[in-house]
Visitor: 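Before I ask anything, here is the structure I am working with.
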Amino acid sequence: MKEKDQLGFIHQFIPSVHHKPGRSMTLLLLHGTGGDENDLIPIARIIDTAGASILSPRGKVLENGMPRFFRRLSEGVFDIEDLKFRTYELADFLQNASKFYKFDPEETIAVGYSNGANIAASLLLLRPEALAGAVLFRAMVPFEPESVPNLSGKHIFMSAGLHDPIIPSRGTKDLFNLLRKTGSNVSLKWQNSGHQLTQSDVSEAREWLSASFAA
Ligand code: MLT
């Protein structure tokens, strides 16, 4: 059995309030550039009304000291080789963590913001079995897959800022269209906002989560 610090990522794990290992939902929280494993916990607490477990890793790539989940060459231009390597590494971490903490790997839903949402989208494309669904705040197409994976049965909620200067609306729309082609149940909400999250992002994600994953 591995120790917590052998799982490969600095992280937080908070068990489900139900204290029952096994079949209950786990939220995989993936922060934005410059964030850490603590950032999204307050948001997860608001959007999840079912008391899910929380697994929240810190991105291992540093850009001028700021943690991220994969390297980029410039804003919006990703190092695809590193992105793919980091996506597999994150999926392996998730699998090992599910054994270590005894949560159901088939009931994991990613909640990602910006860079974290982009690696969550990459996880869906490269390791679809890793996630049951995802909340993608401010996401774009992370890379063009060679073939469209089958994501039928997965529930995905995207929320984007109409005036986001970092994530171009084209990139968001392209991701939405790609996810639609996978057969997933995907919805996209536009917020009258920029890159920052707003109350309406959070409340719409909360409604979506309870409607999509009702016990
Ligand atoms: C990315 O690098 O994933 C996106 O540009 C968003 C961000 O700034 O983190």
Side-chain angles (χ1 to χ4, degrees), residues 9-12 27-44 47 55-91 93-94 109-128 130-131 133-145 149 156-179 182 186 188-198 200-202 204-205:
F9 279 78
I10 295 170
H11 67 277
Q12 283 230 36
L27 299 180
L28 172 70
L29 307 187
L30 300 164
H31 62 78
T33 302
D36 70 20
E37 66 279 14
N38 301 306
D39 284 15
L40 292 176
I41 292 175
I43 286 175
I47 68 177
L55 178 67
S56 186
R58 184 189 304 178
K60 291 210 272 192
V61 171
L62 289 180
E63 184 184 274
N64 302 322
M66 295 185 296
R68 288 175 50 84
F69 285 96
F70 57 89
R71 284 189 57 211
R72 64 179 163 183
L73 307 175
S74 60
E75 199 170 281
V77 183
F78 302 150
D79 177 336
I80 302 298
E81 201 181 319
D82 187 65
L83 167 60
K84 290 184 177 173
F85 172 79
R86 300 286 172 192
T87 302
Y88 287 119
E89 182 183 50
L90 183 62
F93 162 73
L94 186 54
I109 295 147
V111 178
Y113 167 63
S114 188
N115 180 246
N118 290 339
I119 199 158
S122 182
L123 262 179
L124 286 165
L125 297 174
L126 289 175
R127 288 281 288 267
L131 298 174
V135 174
L136 307 176
F137 292 122
R138 311 293 183 272
M140 58 193 271
V141 175
F143 67 96
E144 289 295 341
I156 303 165
F157 174 79
M158 295 176 63
S159 188
L162 272 172
H163 317 292
D164 190 333
I166 295 172
I167 304 289
S169 57
R170 184 74 265 156
T172 298
K173 286 178 194 154
D174 287 348
L175 179 60
F176 176 66
N177 289 331
L178 173 60
L179 292 173
T182 65
V186 57
L188 168 59
K189 295 280 177 169
W190 288 98
Q191 310 296 339
N192 190 14
S193 71
H195 196 59
Q196 293 302 318
L197 286 184
T198 63
S200 121
D201 283 286
V202 177
E204 287 181 22

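Note that this is a predicted model, so its numbers are computed, not measured. The first residue in the sequence is number 1, and the count goes up from there. Just so you know, ligand 1 is whichever comes first in the structure, and atom 1 is the first atom listed for that ligand.
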Visitor: Quick one, Phe78 with Asn118, criterion side chain to side chain contact (heavy atoms under 4.5 Å, CB included). Give me CA distance, side-chain angles, the key distance, then yes/no.
Guide: CA-CA 10 Å; Phe78 302 150; Asn118 290 339; 3.6 Å; yes

Visitor: Quick one: does Phe70 get within less than 4.0 Å of ligand 1, heavy atoms only?
Guide: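 Contact present.
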
Visitor: How far is atom 5 (O) of ligand 1 from its nearest protein heavy atom, and which residue and atom name does that atom have?
Guide: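 Ranking protein heavy atoms by distance from atom 5 (O) of ligand 1, first comes Arg72 NH1, 3.4 Å.
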
Visitor: Any heavy-atom pair between the side chains of Leu27 and Leu40 that's under 4.5 Å?
Guide: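 Not touching, per the 4.5 Å side-chain cut-off.
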
Visitor: Show which atoms of ligand 1 fall inside a sub-4.0 Å distance from at least one heavy-atom site of Gly76.
Guide: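 Close to Gly76: 5 (O).
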
Visitor: Heavy-atom contact check, 4.0 Å cutoff: does Arg68 meet ligand 1?
Guide: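 Distance cut 4.0 Å: Arg68 passes for ligand 1.
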
Visitor: Backbone or side chain, does any N or O of Asn115 fall under 3.5 Å from an N or O of ligand 1?
Guide: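 It does: an N or O of Asn115 is found under 3.5 Å from an N or O of ligand 1.
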
Visitor: Please check if atom CD in Gln12 has more than 12 non-hydrogen atoms from other residues, nucleotides or ligands closer than 6.0 Å.
Guide: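 Yes, enclosed.
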
Visitor: Is it true that Asp82 and Arg71 make a salt bridge, defined as a side-chain N closer than 4.0 Å to a carboxylate O?
Guide: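 No, no charged N to carboxylate O under 4.0 Å.
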
Visitor: Is the closest side-chain donor-acceptor distance between Asn115 and His31 under 3.5 Å?
Guide: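 There is no such pair (donor and acceptor under 3.5 Å, judged by atom type) between the side chains of Asn115 and His31.
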
Visitor: For the 3.5 Å polar cut-off, considering only N or O atoms, please tell me whether Glu75 and ligand 1 meet it.
Guide: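 There is no such contact.
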
Visitor: Which residues satisfy the side-chain hydrogen bond (donor to acceptor under 3.5 Å, both in side chains) test with Arg138, sequence neighbours excluded?
Guide: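 If we apply the side-chain hydrogen bond (donor to acceptor under 3.5 Å, both in side chains) test to Arg138, skipping adjacent residues, the hits are Ser193, Asp201.
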
Visitor: Of the backbone atoms (N, CA, C, O) and the side-chain heavy atoms from C-beta on, which set of Met140 has a member under 4.0 Å from an atom of ligand 1: side chain, backbone, both, or neither?
Guide: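 It is neither part, as no heavy atom is under 4.0 Å.
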
Visitor: Tell me, which protein residue and heavy-atom name are nearest atom 7 (C) of ligand 1, and how many Å apart are they?
Guide: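 Residue, atom and distance for the closest contact: Ser114 OG, 3.2 Å.
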
Visitor: Has Lys189 got its NZ or CZ under 6.0 Å from the middle of the six-membered ring of Phe157, at an angle within 45 degrees of the ring axis?
Guide: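 Lys189 over Phe157 ring: no.
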
Visitor: Nearest protein heavy atom to atom 4 (C) of ligand 1, by residue and atom, and its distance?
Guide: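 Nearest protein contact, heavy atoms only, for atom 4 (C) of ligand 1 is Asn118 ND2, 3.5 Å.
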
Visitor: What protein heavy atom sits nearest atom 9 (O) of ligand 1, and how far away is it?
Guide: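 I find the closest protein heavy atom is Thr33 OG1, 2.5 Å.
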
